[in-house]
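The figures that follow rest on heavy atoms only: side chains count, while hydrogens, waters and symmetry mates do not. Keep in mind that this is a model prediction, so the values were computed, not measured. Quick note: residue numbers are just sequence positions, from 1. As the structure lists them, so they are numbered: ligands from 1, and atoms in each ligand from 1.
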Amino acid sequence: MQQAEIGLIGLGVMGSNLALNIAEKGNRIAVFNRTTARTDEFLGEAGPLADRIIGCHTIEEFVAAIRPPRPIIIMIKAGEAVDQQIDALMPYLSKNDIMIDAGNANFRDTVARFARLDTTDFTFIGMGVSGGEEGARHGPSIMVGGREESWKRVEPVLTSIAAKYDNDPCVAWLGTDGAGHFVKTIHNGIEYADMQMIAEIYGILRDGLGKKAGEIGNTFGAWNKGRLNSYLIEITEKVLAAADPESGAPIVDVILDKAGQKGTGKWSVIEAQQMGIPATAIEAAVAARSLSSVKEEREAAQKIFGNPARVFKLEGGAIETDLELALFAAKIAAYAQGFAVMAAASKEFNWSLPMPTIARIWRAGCIIRSQFLDEITQAFTANPDAANLIVTPAFSAMVKQSLPSLRRVVAAAVTAGLPVPALASALTYFDAYAQARGTANLIQAQRDFFGAHGFDRIDGKPLHHGPWGSGA
Ligand code: 6PG
């Protein structure tokens, strides 16, 4: 029998969909699942695609079914199970076989796995896959980290299954070891910020302006035709239009306001902090999810502090245009921060992360896909050494145009008692980033006062301590 081009372990929803996508694009694929009945069930569901799928009941059979050097996608729950799977595979592999972790792994685990396998005959790819179930089935965005020669082996298959933006496949090799999983983590950090900012604008419309879910959905629908056009805005419109089959009420109105999180947002923030890069909009989004989850505490606190009217009052007539521009400005800050974190990580981990390529492969397939990412691609292509996205000519013009709206919206929300942590952090980021003379001179003085930490002077003179001891 003709050997498979690639293998896949783990026939959960994501694994099954990825396997079907691979087969559909004309590639032969071998599949294995720990519970073998699932493999049979999967083949039964695959229809005509089953002709290109080799279902295997043992690891030995599975490995033998793949053409060497064998690329093997592992699509199982992130964490220890991945190491166990690697250990279970190793006795059956041959030189240069490639194990590919396609889960949402912490890139530090990927770096460690890559290093461990580097001491063997085998190698490792950490592969970020974005786009949820639909993306896996019909075209995800794929972020690859590992050896360049391993990438060459998998490039044709991955290119065939990736989403396309104007025929350009949304897949790329981004660097060695953990580069792909790091970029996927930051993708998710930006996703958190994007979602939180949308939720804050929804909060203003719902609580501050008294709009119903359907009306708010229409507003997002209109915005989706303009500068905010993106998958997340598109699904927000759909979500707001959907009714609860039980009660007939808008489904959003019956969903508990406690957000889940699996860790990638938090990892983005941890890594940003480790490198000293402000990612305040992402931080605010992660913190907002955490605060959302303490529902009982919030209910108790509302009893103590009362429930203000939260009436949102904005000067001028074009409230919706201001909200749209405010969301756009804040979105720019979140993306600028995410890209700044990746630029720092590129240096820190010697990856040479290609910023225009990252923006390019996020234009389709992934959760944060949008037209906007094409503009980021162009900005980084034209200005490869820009210190920050917001100082590129195209983005600085967009910020100048939209920032006044963000300022008005945040001011009105804060006055009304409407929580807008991510929007406010984005505004403050712009204000602080563009303030040539800040206030850290006072912090330096305080640090020197209590700890003799020293400071630099604006005149460059070599006097590095204040006159604290002399009773000043
Ligand atoms: C994607 C998503 C995907 C997943 C997140 C959700 O890019 O396809 O980001 O990876 O939906 O893990 O993360 P939370 O459960 O933390 O919101």
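A search for salt bridge (charged side-chain N to carboxylate O under 4.0 Å, His left out) contacts involving K347 returns nothing, not counting sequence neighbours. In this structure F114 satisfies the ring-ring contact (aromatic ring centres under 6.0 Å, His included) test with no other residue, sequence neighbours excluded. A search for ring-ring contact (aromatic ring centres under 6.0 Å, His included) contacts involving F430 returns nothing, not counting sequence neighbours.
The 4.0 Å heavy-atom shell around ligand 1 contains residues N104, S130, G131, G132, K184, H187, N188, E191, Y192, Q261, K262, R289, I367, ordered by chain and number.
Within the 4.5 Å cutoff, no side-chain heavy atoms of S230 are placed close to those of L373.
In this structure, R360 forms no cation-pi arrangement with Y165, as its terminal cationic atom is not both closer than 6.0 Å to the ring centre and no more than 45° off the ring axis.
For the side-chain contact (heavy atoms from CB on, under 4.5 Å) with F124, the lone residue among V111, I98, D101 that qualifies is D101.
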